[in-house]
Amino acid sequence: MKKTTLTVLIIIFCMTTINAQPKLSATNIDEVMKAMTLEEKAKLLVGGANNFFGDQAVVGGEATLVPGAAGTSPAIPRLGIPATVLTDGPAGVRIDPTREGTDQTFYATGFPIGTCLASTWNTELVKKVGEAIGNETKEYRCDVILGPGMNLHRNPLCGRNFEYYSEDPLVTGKIGAAYINGVQSQGVGVSAKHFAVNSQETNRTSVDEQVSQRAARELYLRGFEIAVRESQPWTIMSSYNRINGQYSMGNRDLLTSILREDWGYRGIVMTDWIGIRKGLETTAEVQAGNDLMEPGQPAQVQEIINGVNSGKLSMEDVDRNVRRMLEYIVKTPSFKQYPASNKPDFKAHADITRQSACEGIVLLKNNGVLPWNKPAANDQENQAIKTVALFGENSYNFLSGGTGSGCVHTPYVVDLVEGLKNAGISTSKTLTDIYRKYYEYARVKFQLERHPANWFQQEQFGQQKYPEIEFSQIAIGKEARQADAAIVTIGRQAGEGADRDIATEFNLTNDERRLISNVCKVFHDAQKPVVVIINSGSVIETASWRDEPDAIICAWQPGEEGGNSLADILTGKVNPSGHLTMTWPLTATDHPSTEGYPGEIVTPHHEDIYVGYRYFDTFKKNVAYPFGFGLSYTTFEFSKPKVKVGSKDVTVQVTVKNTGNVAGKEVVQVYVTAPKGSIEKPAQELKAFAKTRELQPGESQTLMLAIPIRLLASFDEQGSQWLADDGTYTLRIGVSCRDIRQTANVRVKRYTEKVNNVLKPQVQLNLLHQ
Ligand code: BGC
C-alpha cells in the first residue's frame, strides 16, 4: 500500500473514531450512558409528547407514530435510542381506528373486561387472552399495553371496577400475573396499574387514601406483589391519588422501599397521565423511583436539568432511572425494529374472546329453564326455544366494555339479536324495529344533553347506556303469544373519571324494575320463561327483583363477541363455569366502605382489612350472592382432601368428579381460617384456587393446589413483618366462600418475614374493629 493511501486511511479511521457515537445495544448500556449529556438523560425520563398539553412539537414529536396511542418514551436518535409507544388497554389495544390519508382501518379486538376475565378463575385461559392482546399490541406497532388494571374492588361503586379483577388480592394477583405472562410472552410489555390504592374515580388526582399499613400490605398491594413476583411486569404505573398524605407518584416508600427492595421489582415505573403536578416536583418523582413522566411536558425536562445543576437532585438518581429506561428500551419491538403488520389475526382473537367470555359469564340463578337445548331422551337435540322476545335497550346496544381510556375501538359488537340468530334462534322483529329506532334517537339526545365537562361520555370513549323504554302489558302480551321465552337485559355503563351512584346506577331504576316485573308477569301467565341478563362491568342490586325471573345470567361486558358468548351459554353449547370475584351485597350500603364513599379530600379506610367477603363472613352478614359463587348445568363432588405441609408450602390434593348429566368445569376454592394468635384475623381468606378441565359426566380430575406458607401470614404492624402464628389452620375447600364442601386441618409452624417499615398513616384511623 502506498504511504499516502495509508495516511488517508489512518486519518479517516481517527475521524470516525473521534466522532463515533455509541448506538444503543443490549450490551453497551454503560457506554451509551457515558455518551449521554445531562439534557439527553433528562429528556429520556420525560414522556415523548402527545397532544395532551398541545406541546407535542417541543418534545420529540413522536405522537404520530401510532395515532390514538396514549403516549411514548422519547427518542434520542444520536445514540440509537428509539421512541417506544405506550397504548391503553387493558381490554385490547386502544388506538384510533382510522387515519388520515389511508382507507385502511385499525380497529382492535375488544376482549372481555377485567371482571369478566377474573370470573373465569382460569389462569391458563387468561394467559391465552394475554398472548392475543400482546400479539395485537405488537402488530399495531406498540411496545407496551397500559394494563392490567389491578386495583381492588374496595367498593362496588367505583367507576373503574370493570377494569379491575376482584375484591380479593389473591385473585387479583394470580389473574394479573397470568395476563402479564401472556402479553409479555409476545415480546411486548405491560403496565400494571394504578399503583396503588386507587379505589375511587372521584377526585382521583388529589384524594388522600388513608389506609393502615396492614390493609395496604395485605389487600391493596398484595395483588401487585404477587404479579411482580410471578411475572415481572416491564412497567408499573403509579397512581394519581395520595396514600397517607403522599402522592404515589413521588412516594419513595412505595416505589422503592416496597416495590424494589421488598419485592425485587426490576422494571420501570411510569406516572399516570398528568404531567406537572401541583405540590409535587418532578425532581421528587425521579428521586422516589419514578422513571418515566407521562405524558410528558418539556418543563419537566428542564426541572430535572435545573435540579441536577442546583444540587437538588443527584446525578446518581438520574443515572439509576436512565439505566432502567435503557434496559426497558432494548427489550422493545421498536428497538428491535419489528416490522409491525397492522393486521392482527382478528378471527383467532375473536375466537379467544368468545371462549374466555363464556368462561367468565356467571349463572346466578336457574330454576331449571336453562339451558335451552337440553339433551332429549333419544340423544337428539331438542330445542324448545325457537323464538325469543328481547327486552332492554342493551339487548340491542350490547355493551362490550366500559368507558374511558379502557375502551377499545372494536370492529363490531355482536348483540343478542345476532348472537341468537347465529345459534338458530329468532327474535321479535317488532321489538327489534322499536329498539333500533329508539337507539338512534337516544344516542343523539344523550350527546345533546351531555354536560360538556363529561368528556368520557363522548362516543370515542365508549358505548353509552340509554334509559329504558316502557311497554304496556298489552304490547308485552302480543310478544308473549309469539315468542317461546323472553330476555330482559339490564345494562350498566361506567368508567374512568366518575363513580356510580346508588339510586340509578347500583340500584335498578323504576323503569327497569317495571320492565322486569311486567315481562315476568305476562310471560309467566303464558307459562313461558324469562331470563334476565346483566350486561354490566360491576355489581348491581338484585335482591329486590331476583325472585321474579326464572334465570339470571351475569354477562359482564364480555367483549365484541358478547351475543355469541351468551347464546353459547343460553343454549348449553357451553356450560357456565364463571364464579363471582366479588360479593354481591343485598344493598350497596351493606359494604362498610360505602359510608362516605367516595371521599372528597380524604378517604379514610375505617373498614381496614374488612373488605368484601372478609367483612361479610367475619361479621356474619347476609349477601345476595357470595364471593366465589356461580352455578353450572351439572353438579360436582369433591373428594376428601389430602394435605401435606412442606418447608415452603402447604399442598392440597382434591379430586373433583362431575356427578351430573352434562360436561362442565368447576372452580376449586381453598379458604383458610387461621388459629387464634397475636393478630386479629378475618373469619377466612382465599389462599388458593384452581379450575378443572372440562369433565364429562362421571369423569374425575385430581387437582394439586399449593399455598405458600408466606401467604398464610398476616401483616404485623408492630414488628413490620409478615407473621403466621404457630397453630392449626383449617382449610375450607368449596365452590364459594359460603358453600364449603370439604375441610382439613394442618399444623403450621410460626413464620416471619421482616419488611421495610414504611407507608404509615399520618392520622388516627378509627378502625371498624378497634
Ligand atoms: C388513566 C390510565 C391510562 C392513562 C393513559 C389515565 O387517565 O388513569 O389508566 O392508562 O390515562 O390514557
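Order of listing sets the numbers, starting from 1, for every ligand and every atom in it.
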- Out of K41, R260, R323, which residue meets the salt bridge (Lys or Arg N to Asp or Glu O under 4.0 Å) rule with D291?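 One option only clears the test, and that one is R260.
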
Ligand-side contact atoms (ligand 1) for residue partner [X], heavy atom cut-off under 4.0 Å:
X	result
E496	1 (C), 6 (C), 7 (O), 8 (O)
Y240	6 (C), 7 (O), 8 (O)
K193	2 (C), 3 (C), 9 (O), 10 (O)
L146	10 (O)
M237	10 (O)
A70	5 (C), 12 (O)

- Message: Geometry only, no angles: is H194 polar-contacting ligand 1 at N/O separations under 3.5 Å?
- Response: yes

- Message: Just to be sure I read this right, does ligand 1 sit under 4.0 Å from the backbone of R160, its side chain, both, or neither, counting only heavy atoms?
- Response: side chain

- Measure R204 to ligand 1 on non-hydrogen atoms and call it side chain, backbone, both or neither using the 4.0 Å cut-off.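 Only the side chain of R204 comes within reach of ligand 1.
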
- Partner residues of R450 under the salt bridge (Lys or Arg N to Asp or Glu O under 4.0 Å) criterion, sequence neighbours left out: none

- Message: Tell me whether the rings of F195 and F224 are parallel (<30°), tilted (30 to 60°) or perpendicular (>60°).
- Response: perpendicular

- Query: Got a sec, which residues hit ring pair (Phe, Tyr, Trp, His ring centres under 6.0 Å) with W234, two or more places apart in sequence or on another chain?
  - Reply: none

- Message: What I'd like to find out is whether the side chain of D168 reaches to under 4.5 Å of the side chain of K174, using heavy atoms alone.
- Response: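 No - every pair of side-chain heavy atoms lies 4.5 Å or more apart.
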
- Start with the C-alpha gap between E201 and R204, add the side-chain angles, then the distance that decides, and say whether salt bridge (charged side-chain N to carboxylate O under 4.0 Å, His left out) holds. CA-CA 5 Å; E201 287 301 288; R204 62 182 171 152; 3.5 Å; yes

